[in-house]
Amino acid sequence: MLNTKSSSPGQLGHLASVNMKALLILGLLVLSVAVQGKKFERCELARTLKKFGLAGYKGVSLANWMCLAYGESRYNTQAINYNPGSKSTDYGIFQINSKWWCNDGKTPKAVNGCGVSCSALLKDDITQAVACAKKIVSQQGITACPMFALVNIYLFGCLHFKDMGKKFERCELARTLRRFGLDGYNGVSLANWMCLIYGESRYNTQVTNYNPGSKSTDYGIFQINSKWWCNDGKTPRAVNGCGVSCSALLKDDITQAVACAKKIVSRQGITAWVAWKNNCRNRNVSSYIQGCKL
Ligand SMILES: *[C@@H]1O[C@H](CO)[C@@H](O)[C@H](O)[C@H]1NC(C)=O
């Protein structure tokens, strides 16, 4: 997961500018619905990325870039996702963020590190999107920045998904979560919790992922972060919001993991989980509990 720190409250814009923003957002929404954009075929995209020199770029293999692009956008150049927490938007095939990397003219305190218009990152021609992705990975490494937060998961999903720990069977996990009272907890349906967990850990209790940027580690089925929520004795300036040892979040018995997830969702909402934002939000998630005798 990525802890979404809420940005400081901005000044209230006057009505006209609020309306402008609303129009802009509406415009983008309409655009993203009306124009489906280029949905790359898998091997076509792999060839394109290779042509642009991404294979092995900064040590990241082509397969990993593919996995990342799949996780972020399902290979769709026109994917747009708004993040209410930071009032920023993620654009395009790599879901590049308007707070740090591109300019969409509506994101508070935006930096535009790539010196590019966000709309340019939605083009069928991915030249500029690739150039910006290269800059991001050069400056921050692959796990340091929000846009690449999913890479951990997808590295796991694609490459390193090995045998360790308890791998819940889907319906078994759904029943277990329900028993723990997660169905509807903080307004989040059981199917959404299942989707979130699938995205974070593939239902595997022993998944750990190290984030070099923050020198923290994500633990267990919910990929709970050691900087904010649990104590692993090695994360700088850790907070331990759940008052729990991180290793307790890897147990087959998920009692403590669920208790901590409840605390997180109560404080930060479900958007604290990047995997949920990217894979579950505004999607039909019913299949995650389909056919389960709950
Ligand atoms: C969601 O998908 C299921 C099939 O997986 C379908 O039965 C259901 O009607 C869909 N719901 C919506 C709101 O589209």
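Just the heavy atoms: all of them, side chains too, but no hydrogens, waters or symmetry mates, feed the values below. One-based numbering, in listed order, for ligands and for the atoms of each.
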According to the interplanar angle, ranging from 0 to 90°, do the rings of Tyr198 and Tyr288 count as parallel (below 30°), tilted (30 to 60°) or perpendicular (above 60°)?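 Taking Tyr288 first and then Tyr198, their aromatic rings sit tilted (interplane angle of 30° to 60°).
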Under 30°, 30 to 60°, or over 60°: which ring-plane class applies to Trp65 and Phe94, parallel, tilted or perpendicular?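 Aromatic pair Trp65/Phe94 classed perpendicular.
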Enumerate the protein residues lying less than 4.0 Å from ligand 1, judged by heavy-atom distances, in chain and residue-number order.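 Contacts of ligand 1 under 4.0 Å: Asn284, Ser286, Gln290.
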Does Arg283 reach the main-chain N or O of Asn278 with its side chain, forming a donor-acceptor pair under 3.5 Å?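 Present.
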Does a donor on one side chain sit under 3.5 Å from an acceptor on the other, for Asn81 and Lys277?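 Distance-only check fails for Asn81 and Lys277.
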Using a distance-only test with no angle check, is there a side-chain donor-acceptor pair under 3.5 angstrom linking Asn204 and Ser201?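 No - no donor-acceptor pair under 3.5 Å links their side chains.
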NZ/NE/NH1/NH2 to OD/OE distance under 4.0 Å, Glu44 and Lys39: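 Result for this pair is no, no salt bridge flagged.
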